[in-house]
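Keep in mind the model is a prediction, meaning the values are calculated, not measured. Naming: A, B, ... by sequence-line order, numbering from 1 per chain.
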Protein chains: 2
Amino acid sequence: MSIVSKSEKPIRVLIAEDQTMLRGALAALLDLERDIAVVAQAANGREALRLASEFAPDIVITDIEMPERSGLELASDLKSGNGKARVIILTTFARPGYLRRALDAGACGYLLKERPVSELAEAVRRVHAGLRVIDPTLAADAWNAGEDPLSDRERQILNRAGEGHSSAEIAAHLRLSEGTVRNYLSDAINKLGATNRIDAARIARSRGWL
Amino acid sequence: MSIVSKSEKPIRVLIAEDQTMLRGALAALLDLERDIAVVAQAANGREALRLASEFAPDIVITDIEMPERSGLELASDLKSGNGKARVIILTTFARPGYLRRALDAGACGYLLKERPVSELAEAVRRVHAGLRVIDPTLAADAWNAGEDPLSDRERQILNRAGEGHSSAEIAAHLRLSEGTVRNYLSDAINKLGATNRIDAARIARSRGWL
DNA sequence: GCGTTTTCATGACATTTGTCATGAGTAATG
DNA sequence: CATTACTCATGACAAATGTCATGAAAACGC
């Protein structure tokens, strides 16, 4: 089907993934493919951005949850940069909110770590050929799941609350009154149909809104 | 160094890991090693146990957090069974509590997914040769970290609290008075040096006690 | 510019959560 | 059998959390 012959120059790939063992294993396997060459590896988003401008890969495969800079932020950075790299998100999480944000950030692929390795190589080829590759399970979910109902402030506060910080601590950190913080949490709890702040944080996380 | 020549029969390995992509990648890479053969793969603890008795592997490499039956439970099962398989735990978590429980369950190796792939093959060889392989970072930590100070009830209640259940809900579910639940939580918070129930749950989890 | 909506803020009040003292029953340990 | 640790319970109080009514300020469409 593909117009480009496999004896042409290989597809240049960069892998960003914080878990060393998975990163190394995927790089080794992809590199065994005749038409793919792994030109660089990064353990976090910041490093990935630097290496992308240095090596000018065709495809960037990236995890979402990484230190320094997330895969979603990396995708945004690459879109607004001057490179030509297309981004494939590779993550554990089947969260509609993540997929939506990934597409907003210009990603061309969204693949789950639940899938067999073989699909990764195939996704690289498809995306390089100009197609989009979205995990079929999620493509359906993403729309009926609806928008994130939380405002920026609510998200920010809920996130801290979910980590065990008290209202007073959060208020001090954001220079708000304690009552205000409690109101935001109350709103968030209400919007999410939760029973308390912890429950709300759990729900929001499970949908990829935090 | 090794007395056993590499031209002998290969070391038979079973891999138990719920993330398909990682499992497949590791299996493929290990299988490339001349002296190692991956004879079976499992996506959860129960399946791993079944396959272990069917294929009689020399080494079982297993993740900890898996559905059905955890890697720690699997290690126990294998020890009390009649197989000869030695267990290597392969996990994301550098938690002293996990290491301790792994050793109690008879594991011969504890390796982190933070380490390069090459160490996994090497660990397989060492453990097969009768040695123990413990991640050096953890070996030190494990002892000064101390025992889990929580009682069974405290653990049970703290776990639910950490999921966002209210004292009243927990009390109803366990048929206790609400005050009692609050007392257990207060104890747990105190023992762990936390500031509230969420913080306590977070701390306990981070040490592998929940 | 004017209404409308959204976001952000405050204080008052009710409820839930955390602490402490106290005590009874039970199981395990030496 | 004395000691120790764990479990469960009360009640009283302090502190944190959740709810509600209310209003200021910015953003948007018309």
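- Here the P atom of nucleotide dC8(C) and the CG atom of L185(A) are 14 Å apart, to the nearest Å.
- Under 4.0 angstrom from either OP1 or OP2 of dT16(C) there lies no side-chain N or O belonging to R182(B).
- Atoms CG (D199(A)) and P (dG18(D)) sit 10 Å apart, rounded to a whole Å.
- Look at CD1 on I170(A): it is 14 Å from C1' on dG18(D), rounded to the nearest Å.
- Using a 4.0 Å heavy-atom criterion, one finds that N190(B) contacts no nucleic acid atom at all.
- For D152(B), the side-chain atoms get nearest to dT7(D) when compared with the rest of dG18(D), dT7(D), dT17(D).
- For E169(B) and dT16(C), the CD to C1' distance is 12 Å, given to the nearest whole Å.
- Side-chain N/O atoms of S177(B) include one lying less than 4.0 angstrom from OP1 or OP2 on dT10(D).
- Distance, E178(B) CD to dA9(D) C1': 13 Å, rounded to whole Å.
- Under the 4.0 Å criterion applied to side-chain N and carboxylate O atoms, K191(A) and E154(A) are assigned as salt-bridge partners.
- The residue from V87(A), I89(A), L30(A) that alone fulfils the side chain to side chain contact (heavy atoms under 4.5 Å, CB included) condition with I61(A) is L30(A).
- Within a 6.0 Å sphere centred on CZ of R126(A), heavy atoms belonging to other residues, nucleotides or ligands number 12 at most.
- One finds a salt bridge joining D152(B) and R155(B) here, because a Lys/Arg side-chain nitrogen approaches an Asp/Glu carboxylate oxygen to under 4.0 Å.
- Using a 4.0 Å heavy-atom distance criterion, R153(A) is classed as a sugar-phosphate-only contact.
- One finds a salt bridge joining K113(A) and D63(A) here, because a Lys/Arg side-chain nitrogen approaches an Asp/Glu carboxylate oxygen to under 4.0 Å.
- Between S186(B) and dT19(C) there is a side-chain N or O to OP1 or OP2 distance below 4.0 Å.
- For the pair T180(A) and dC8(C), the criterion of a side-chain N or O lying under 4.0 Å from OP1 or OP2 is not met.
- Dashed line: the shortest gap from a side-chain N or O of Y184(A) to OP1 or OP2 of dT7(C) is not under 4.0 Å.
- OP1 or OP2 of dT17(D) sits under 4.0 Å from a side-chain N or O of S167(A).
- For the pair L176(A) CG and dG11(C) P, the computed distance is 12 Å after rounding to whole Å.
- The separation between D187(A) atom CG and dT17(D) atom P is 17 Å, rounded to whole Å.
- Checking the phosphate oxygens (OP1, OP2) of dT7(C), no side-chain nitrogen or oxygen of S151(A) falls inside 4.0 Å.
- Look at CG on N183(B): it is 13 Å from C1' on dC13(D), rounded to the nearest Å.
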